[in-house]
Amino acid sequence: MTGDFVIAVDGPAASGKGTVATRLGRELGLPVLDTGLLYRAVGVLTERAGDDPDDAGHATAVALLLTADQLEDPALRTRAAGELASRVAVHPRVRAALLDFQRTFALQPGGAILDGRDIGTVICPDAPAKLYVTATPDVRAERRWKQLRGQGEDVAYEDVLADIRRRDARDGSRDAAPMRPADDAALLETTEMTIEQAADAARRIVEAARARWEKSRQG
Ligand code: C5P
């Protein structure tokens, strides 16, 4: 796959990857795709249709018909949607159905940023810049808990931590595109970092990657 400058930002839930991707997008003037929303939409729409998210056929039928405007639904940001997303994301046919949407986004002129779990390994293995953003489960749970409370969801911290651990285990152990850093990804550990520090570190990684990429294109 060739294209303009593509930045792959992967990592587990609430690691800070979404914030990092959004900031990079703003600073570099690049469009950002939160690929988690695709899986969230498939999970939520499958359930809304009264179908079983654990059934590959049902979830794939929804994934094949997914459109960009369906990603705007605020219901996709809920705790329940995250769990449904992780359940439909284990089906290889669902992942295959969502591939073209992601690759088309990545290949747009000028470049793009995609955040998810398998961007650097499967969706854009040739991306010139790859980050894998992590933090401890406790810190991620606290971030997600605050975010959910801010959205008006009344949920206990312990339950959010249990969600995060369950999703990490499912996303990391599935056969289809398991969550893992690409061999050539730069690791960004954000446990002790503020948002500003994480964004600064990401910017430095991307600037170095861009310099290497430009040099390789000249040579
Ligand atoms: O990033 P977010 O928490 O919104 O992702 C929700 C779920 O969607 C993840 O737990 C994972 O199971 C799935 N996902 C995936 N591959 C991606 C993005 C998300 O499997 N590229």
Taking all atoms of both residues into account, what is the closest heavy-atom pair of Gly120 and Ala182, and its distance?
O-CB, 3.7 Å
Ion pair present between Arg165 and Asp138, side-chain N to carboxylate O less than 4.0 angstrom?
yes
I'd like to know whether Leu66 forms a side-chain contact (heavy atoms from CB on, under 4.5 Å) with Leu38, so could you lay out the CA-CA distance, the side-chain angles of the two residues, the decisive distance to 0.1 Å, and finally the verdict.
CA-CA 8 Å; Leu66 195 67; Leu38 301 173; 4.0 Å; yes
Rounding to 0.5 Å, atoms CZ (Arg144) and CG (Leu161) come to a distance of 12.5 Å
Give the intermediate values and the outcome of side-chain contact (heavy atoms from CB on, under 4.5 Å) for residues Asp73 and Arg40.
CA-CA 10 Å; Asp73 187 343; Arg40 286 170 179 260; over 6 Å; no
Is there a donor-acceptor contact under 3.5 Å linking the side chains of Arg143 and Thr19?
no
Between the side chain of Gln70 and the main-chain N/O of Thr67, is any donor-acceptor distance below 3.5 Å?
yes
Would the number of heavy atoms belonging to other residues, nucleotides or ligands and lying under 6.0 Å from CD of Gln102 be above 12?
yes
Under 4.0 Å between a side-chain nitrogen and a carboxylate oxygen: does that hold for Arg174 and Asp118?
no
So which atom in Val90 and which in Ala176 form the shortest heavy-atom distance, rounded to 0.1 Å?
O-CB, 4.1 Å
Can you check salt bridge (charged side-chain N to carboxylate O under 4.0 Å, His left out) on Glu207 and Arg203, steps first, answer last?
CA-CA 6 Å; Glu207 276 167 7; Arg203 190 182 318 109; 5.1 Å; no
How about Leu99: does its CG atom have over 12 heavy atoms from other parts shown lying under 6.0 Å from it?
yes
Rounded to the nearest 0.5 Å, what separates atom OH in Tyr132 from atom CE in Met179?
4.5 Å
Looking at CG of Leu98 and CG of Leu64, how far apart are the two atoms once the value is rounded to the nearest 0.5 Å?
8.5 Å
Using the six-membered ring wherever Trp is involved, compare the ring planes of Phe5 and Trp213 and label them parallel, tilted or perpendicular (cut-offs 30° and 60°).
tilted
Would you say Tyr157 and Leu148 are hydrophobically clustered, going by side-chain heavy atoms of ILVMFWY under 4.5 Å?
yes
All heavy atoms of Pro12 vs all of Thr134, minimum pair found to be CD-CG2, 4.2 Å
Minimum heavy-atom distance between Val88 and Pro53, given as atom pair plus value
CG1-O, 3.6 Å
So for atom CG, which belongs to Asp175, do other residues, nucleotides or ligands contribute more than 12 heavy atoms lying within a distance under 6.0 Å?
no
Give the cluster check for Phe105 versus Leu71: same hydrophobic cluster or not, with ILVMFWY residues linked at side-chain heavy-atom distances below 4.5 Å.
yes
Electrostatic pair Glu153:Arg77 at N-O distance under 4.0 angstrom:
no
Honestly curious: do Leu76 and Phe101 fall in one hydrophobic cluster under the side-chain, below-4.5 Å linking rule?
yes
So which atom in Ala75 and which in Ala81 form the shortest heavy-atom distance, rounded to 0.1 Å?
O-CB, 3.5 Å
Only one of Glu189, Lys17, Met193 passes side-chain contact (heavy atoms from CB on, under 4.5 Å) with Val133, and that residue is Lys17
Pair Arg140-Asp168, salt bridge (charged side-chain N to carboxylate O under 4.0 Å, His left out): steps then yes or no:
CA-CA 11 Å; Arg140 290 190 282 122; Asp168 282 358; 2.6 Å; yes
Rounded at 0.5 Å granularity, tell me how far CG in Leu33 sits from CD1 in Ile119.
7.5 Å
Do Arg117 side-chain atoms and Pro178 backbone N/O form a donor-acceptor pair below 3.5 Å?
no
Testing the 3.5 Å rule here: is there a donor-acceptor pair between the side chains of Ser86 and Asp171?
yes
Rounded to the nearest 0.5 Å, what separates atom CD in Gln197 from atom OG1 in Thr190?
10.5 Å
For Ala14 and Ile164, work out which heavy atoms get closest and say how close.
CB-CD1, 4.2 Å
Before you tell me yes or no, could you show the steps for Leu131 and Asp115 under side-chain contact (heavy atoms from CB on, under 4.5 Å), namely the whole-Å CA-CA distance, both residues' side-chain angles and the distance that decides it to 0.1 Å?
CA-CA 9 Å; Leu131 286 90; Asp115 82 71; over 6 Å; no
Given the rule in the salt bridge (charged side-chain N to carboxylate O under 4.0 Å, His left out) test, do Arg103 and Asp100 qualify, once you have shown the distances and angles that lead to the verdict?
CA-CA 5 Å; Arg103 290 238 169 106; Asp100 272 359; over 6 Å; no
Give the intermediate values and the outcome of side-chain contact (heavy atoms from CB on, under 4.5 Å) for residues Arg79 and Trp145.
CA-CA 9 Å; Arg79 180 179 164 217; Trp145 178 69; over 6 Å; no
Inspect the contact between Glu83 and Arg87 and indicate whether a charged nitrogen and a carboxylate oxygen are less than 4.0 angstrom apart.
no
Quick one: which of Val20, Ile113, Val32 gives a side-chain contact (heavy atoms from CB on, under 4.5 Å) with Ile7?
Ile113
So CG of Asp10 and CD1 of Ile123: to nearest 0.5 Å the spacing works out to 9.0 Å
